[in-house]
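Heads up: the structure comes next, in structure tokens.
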2 protein chains.
Amino acid sequence: MDFSIGELAKRTGVKVPTIRYYEKEGLLDAPLRTQGNQRRYRAQDLDRLGFIRHCRDLGLPMPAIRDLIDLGQHPDKPCREADRIAATQLQSVRERIAHLRKLEAELERITASCKGGHTVTDCNVLKAFGDHSLCRDEHAAPTKA
Amino acid sequence: MDFSIGELAKRTGVKVPTIRYYEKEGLLDAPLRTQGNQRRYRAQDLDRLGFIRHCRDLGLPMPAIRDLIDLGQHPDKPCREADRIAATQLQSVRERIAHLRKLEAELERITASCKGGHTVTDCNVLKAFGDHSLCRDEHAAPTKA
DNA sequence: CTTGAACCTCTAGTCGCTATAGGGATTACA
DNA sequence: TGTAATCCCTATAGCGACTAGAGGTTCAAG
Ligand SMILES: [Zn+2]
Ligand SMILES: [Zn+2]
Ligand SMILES: [Zn+2]
Ligand SMILES: [Zn+2]
């Protein structure tokens, strides 16, 4: 019925210190304890931790996961908030892809700029790294709004 | 000839605390000081900071930038190391893009799973967030080697 | 009952900055 | 020369999501 934190870790693939961290951050409820102060979990904790893990694997930040857990406990609330979280995350992922694609293009150009010389002086890679005017596009990190 | 840290910040777009941080981390040489202990920079520092900024805008981690700066100061060294840094960064960017594309696909599916009901119970978004078996693909974060 | 694995709390480190506090220096202008 | 505004200094703490370690306690198997 009840199981230890190590057991929970084994069943979910989440490391033990991470589980304790999630509890401290309020994503997992504080479980019951043995007389010797060790945590004992139940099936519902397994579900909750699986939910958290999957959300993390989708890249959601912890505040968003907290909000989703809240929603799951108030099933009569409107679903707008959950939808908005999904849409926001999708947008954020797309922005990151767009940014990385610019970096990819410039890095392709830079790696190609090695002219086969043997020394740093002969090679244009270092110049390409240092000189943005050689770049085709802007590629600075977006201001994380 | 010489200019203050604020002036350097203005000319490069790098914030003042960031400049001090780069100095502490050994990317920028410690500049001369006024009698009142304020930093005074010269043209070569401007170049160096520009180089650093551009590398950061290309996503390079600071150790790689340190290595590139070292190479720039020993122009007779072989260029292999610079080429390797560029190739490594390109590969890393491509892996991140591949990962984010998987997230994008799953998040598209999740946002589309809102069936138009008004409450959390009616809406499938929360279920989709919690249940990886509904996903088409693996999408866990790659172990950052 | 003894052993050894697993558990506990607490602290600090990761990365690349950014923000704040509490002071001192420089500069411009009267 | 006085003074006020603006700049600069150091040192420390915080961000996010963990991870690693120290130093000590409890549990379960034999
Ligand atoms: Zn080369
Ligand atoms: Zn560039
Ligand atoms: Zn919905
Ligand atoms: Zn999934």
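As the structure is a computational prediction, the values presented were derived from the model and not from experiment. Chain letters run A, B, ... following the sequence lines, proteins first and then strands; every chain starts at 1.
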What pair of heavy atoms forms the shortest contact from A/Leu28 to A/Asp45, and how long is it? CD2-O, 4.3 Å
B/Leu32 CG to D/dC9 C1', straight-line distance once rounded to whole Å: 17 Å
Atom CD1 of B/Ile52 and atom C1' of C/dC17: how far apart are they, to the nearest Å? 14 Å
Check whether any side-chain nitrogen or oxygen of B/Lys15 sits under 4.0 Å from OP1 or OP2 of C/dT18, and answer yes or no. yes
For a quick check of understanding: with a heavy-atom distance under 4.0 Å over all strands, which category does B/Arg53 fall into, base, sugar-phosphate or nothing? sugar-phosphate
Interatomic distance, B/Leu28 CG vs C/dC17 P [rounded to whole Å]: 11 Å
Look at the side-chain N and O atoms of A/Arg33 and state whether any lies under 4.0 Å from the OP1 or OP2 oxygen of D/dT25. no
So, B/Arg109 versus B/Ser113: side-chain donor-acceptor pair below 3.5 Å or not? no
Lys/Arg-Asp/Glu bridge criterion (N-O < 4.0 Å) met for B/Glu81, B/Arg84: yes
How many Å lie between CD1 on A/Ile65 and P on D/dG16, as a whole number? 13 Å
Let me know the distance between CG of B/Leu58 and P of C/dG16, rounded to the nearest Å. 14 Å
Taking only the side-chain nitrogens and oxygens of A/Tyr22, find out if one of them lies under 4.0 Å from OP1 or OP2 of D/dC18. yes
Using the rule side-chain contact (heavy atoms from CB on, under 4.5 Å), only one of B/Gln44, B/Glu23, B/Arg48 pairs with B/Asp29; which is it? B/Arg48
Output the rounded distance in Å from CD (A/Glu25) to P (D/dG14). 14 Å
Closer than 4.0 Å, any side-chain N/O of B/Ser4 to the OP1 or OP2 of D/dC8? yes
Between the protein and nucleotides 26-30 of chain D, list the N/O to N/O atom pairs that are separated by less than 3.5 angstrom.
| unit_1 | atom_1 | unit_2 | atom_2 | d |
| --- | --- | --- | --- | --- |
| D/dC27 | OP1 | A/Thr34 | OG1 | 2.9 |
| D/dC27 | OP1 | A/Gly36 | N | 3.1 |

Report, one pair per line, the protein and nucleotides 10-12 of chain C atoms (nitrogen or oxygen only) whose separation is under 3.5 Å.
none

State whether B/Thr18 places a side-chain N or O below 4.0 Å from either non-bridging phosphate oxygen (OP1 or OP2) of C/dG16. no
Basic-acidic side-chain contact under 4.0 Å: A/Arg53, A/Asp57: yes
Any salt bridge linking B/Arg94 with A/Glu108? Criterion: basic side-chain nitrogen under 4.0 Å from a carboxylate oxygen. yes
Crowded around A/Arg33 CZ? As in, over 12 foreign heavy atoms under 6.0 Å? yes
Does NZ or CZ of A/Arg11 fall inside the cone over A/Phe3's six-membered ring, less than 6.0 Å from its centre and within 45° of the axis? yes
Using whole Å, what does the distance between atom P of nucleotide D/dC7 and atom CZ of B/Phe3 come to? 17 Å
Give a yes/no answer on whether the side chain of B/Arg39 brings an N or O atom under 4.0 Å of OP1 or OP2 in D/dT10. yes
